[in-house]
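To keep things clear, I will list the structure first and then write my remarks on it.
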2 protein chains.
Amino acid sequence: MANNHASNDTSQSIINSTLSAIATDGISNLTTKSISKHASISTASIHYFFNTKENLVYNSFAYMIKSIRIDMLEARRQGRDPLARIRGVCETHFSARQLSEEAANIWPQIWSHATHDPKTARLVKIFGARMISNFTYDLRKLGLPSQQARLGAIELRAMVVGLWVEKQVTKNTLQGERLDVFERMLSRLQAEALKHKTYPQLE
Amino acid sequence: MANNHASNDTSQSIINSTLSAIATDGISNLTTKSISKHASISTASIHYFFNTKENLVYNSFAYMIKSIRIDMLEARRQGRDPLARIRGVCETHFSARQLSEEAANIWPQIWSHATHDPKTARLVKIFGARMISNFTYDLRKLGLPSQQARLGAIELRAMVVGLWVEKQVTKNTLQGERLDVFERMLSRLQAEALKHKTYPQLE
DNA sequence: GCGGACTAACTAAACGATTAGTATACTTTA
DNA sequence: TAAAGTATACTAATCGTTTAGTTAGTCCGC
């Protein structure tokens, strides 16, 4: 499915250019020409490395999601307690350090692409599932019973997505307000966990 | 900007076909030919009514958002109390009665289009702002102080979007779970409102 | 160490197909 | 008859992709 030169410098720069082009002009306006211009290569090289444009798009999405996932795992590793891990994951999703500013606009492009491309759909599904799974684990560690932990995780995941759309697309709220909403939810979950704890427990 | 035959039968069927085509194949694969085939008209008619394809896309998005808004206003009118109005608005957003099943996939297409089209961006921004504004109003009526009402509204709006993405794109949760998450949030907001009420109050 | 065989990386140019949009003529309706 | 609506046939541009080739470097026998 993928190519066997994927570690190459050029193919990586093609992927970066693809993501950048999608972010600025949208996937509807993505052409092999615009990519080649941005990456300073010929359009033929695109097909040399990625066979088809569709395959390049998929690999670009996969690369971006993989990058974010690596960052999220790192954030989890650094979190001292469940709450810190949850906070870390969310912040990663919002900062997206590893990608250029403009690349932030790619999420809705992935979502819209997923509605008619099964492979991309699978990609986002797995990413979302892992996020819910991680949150569920953290909330259980925080002291919530499994049912509530799962619902809380779904809620957290929905909130991350919803606030992301609000920040990047709708733009009707201030950064401070979004942070407030998020912190309120965290302390609410913490309070809920405390209620369920039989024994007080140190972190 | 728009056309002046907008009330026409043909132009409406063109819009419907456009939305349907976008929902199934994505905006990247939208062509005047596929629209004309689906609507059983010639491509010339598209340009007769909508001048450019870009303008048709914009008008289609505008029509869809307007339809949903009308449904949401109707749901609000039928809600007996603030909580029922909130619930009604959310349910409308999820059922989208007025549109075909497939058209549900159009939201992410609008979001992705908005990232590089200012006019579409304005459309979704206004829609989101009205939703937050309505929720804020309802939460104030429920008894929340204005600051909390605004935060709660932002939270509700984010949750609607987030759960929508979860339902339509990511697909990792059951309908029942999403409803649970939503109901938990509503009762939480209600409890928060009761705390702030100086006097008990009948609905 | 040297020359020819081989290969990976890359490109210029051209391919056929498809695109949005137009010119124009025909048909309906009022 | 005049305007509105629709279709046919077309254009110029652009699309993704392919072909046929160049370049630069590596390997191997001698």
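So you know, we letter chains A, B, ... as the sequences are listed, proteins then strands, and number each from 1. Just so it is clear, the model here is predicted, and its values are computed rather than measured.
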Integer-rounded Å distance: [N] [atom2] and [X] [atom1]:
X     : N      : atom1 : atom2 : answer
A/I27 : D/dG16 : CD1   : C1'   : 15 Å
B/I14 : D/dG5  : CD1   : C1'   : 11 Å
B/I41 : D/dA7  : CD1   : P     : 7 Å
A/K37 : D/dT14 : NZ    : P     : 10 Å
A/F50 : C/dA9  : CZ    : P     : 12 Å

Fill in: A/L73 and A/R77, any side-chain heavy atoms less than 4.5 Å apart
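Yes - at least one pair of side-chain heavy atoms lies under 4.5 Å apart.
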
Item to complete: Compute the ring centroids of B/F61 and B/W111, then answer whether they are less than 6.0 Å apart.
Response: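 No: the rings miss the under 6.0 Å criterion.
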
Practice prompt. Just jot down the salt bridge (charged side-chain N to carboxylate O under 4.0 Å, His left out) partners of B/R69, sequence neighbours excluded, or say none.
Written response: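 With sequence neighbours excluded, B/R69 shows a salt bridge (charged side-chain N to carboxylate O under 4.0 Å, His left out) to no residue whatsoever.
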
Discussion item. Once salt bridge (charged side-chain N to carboxylate O under 4.0 Å, His left out) is applied, do any residues pair with A/R178, and if so which ones, sequence neighbours excluded?
Written reply: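 Listed in chain order: nothing, the list is empty.
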
Worksheet item: Is B/Y48 near enough to D/dG5 that one of its side-chain N or O atoms lies under 4.0 angstrom from OP1 or OP2?
Response: yes

Response to the item:
Once base and sugar-phosphate atoms are separated, protein heavy atoms under 4.0 Å mark nucleotides 12-22 of chain C, 5' to 3', with B, S and - as B------SBBB

Discussion item. My understanding is that only one of B/I22, B/T18, B/I106 makes a side-chain contact (heavy atoms from CB on, under 4.5 Å) with B/I27; could you say which?
Written reply: B/I22

Fill in: Salt-bridge present (A/R76, A/D138; N to O < 4.0 Å)
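Yes, charged N to carboxylate O under 4.0 Å.
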
Item to complete: Have a look at B/I46 and say if it touches a base, only the backbone sugar-phosphate, or nothing, with a 4.0 Å heavy-atom cut-off.
Response: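 No contact at all - B/I46 keeps every heavy atom at 4.0 Å or more from the nucleic acid.
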
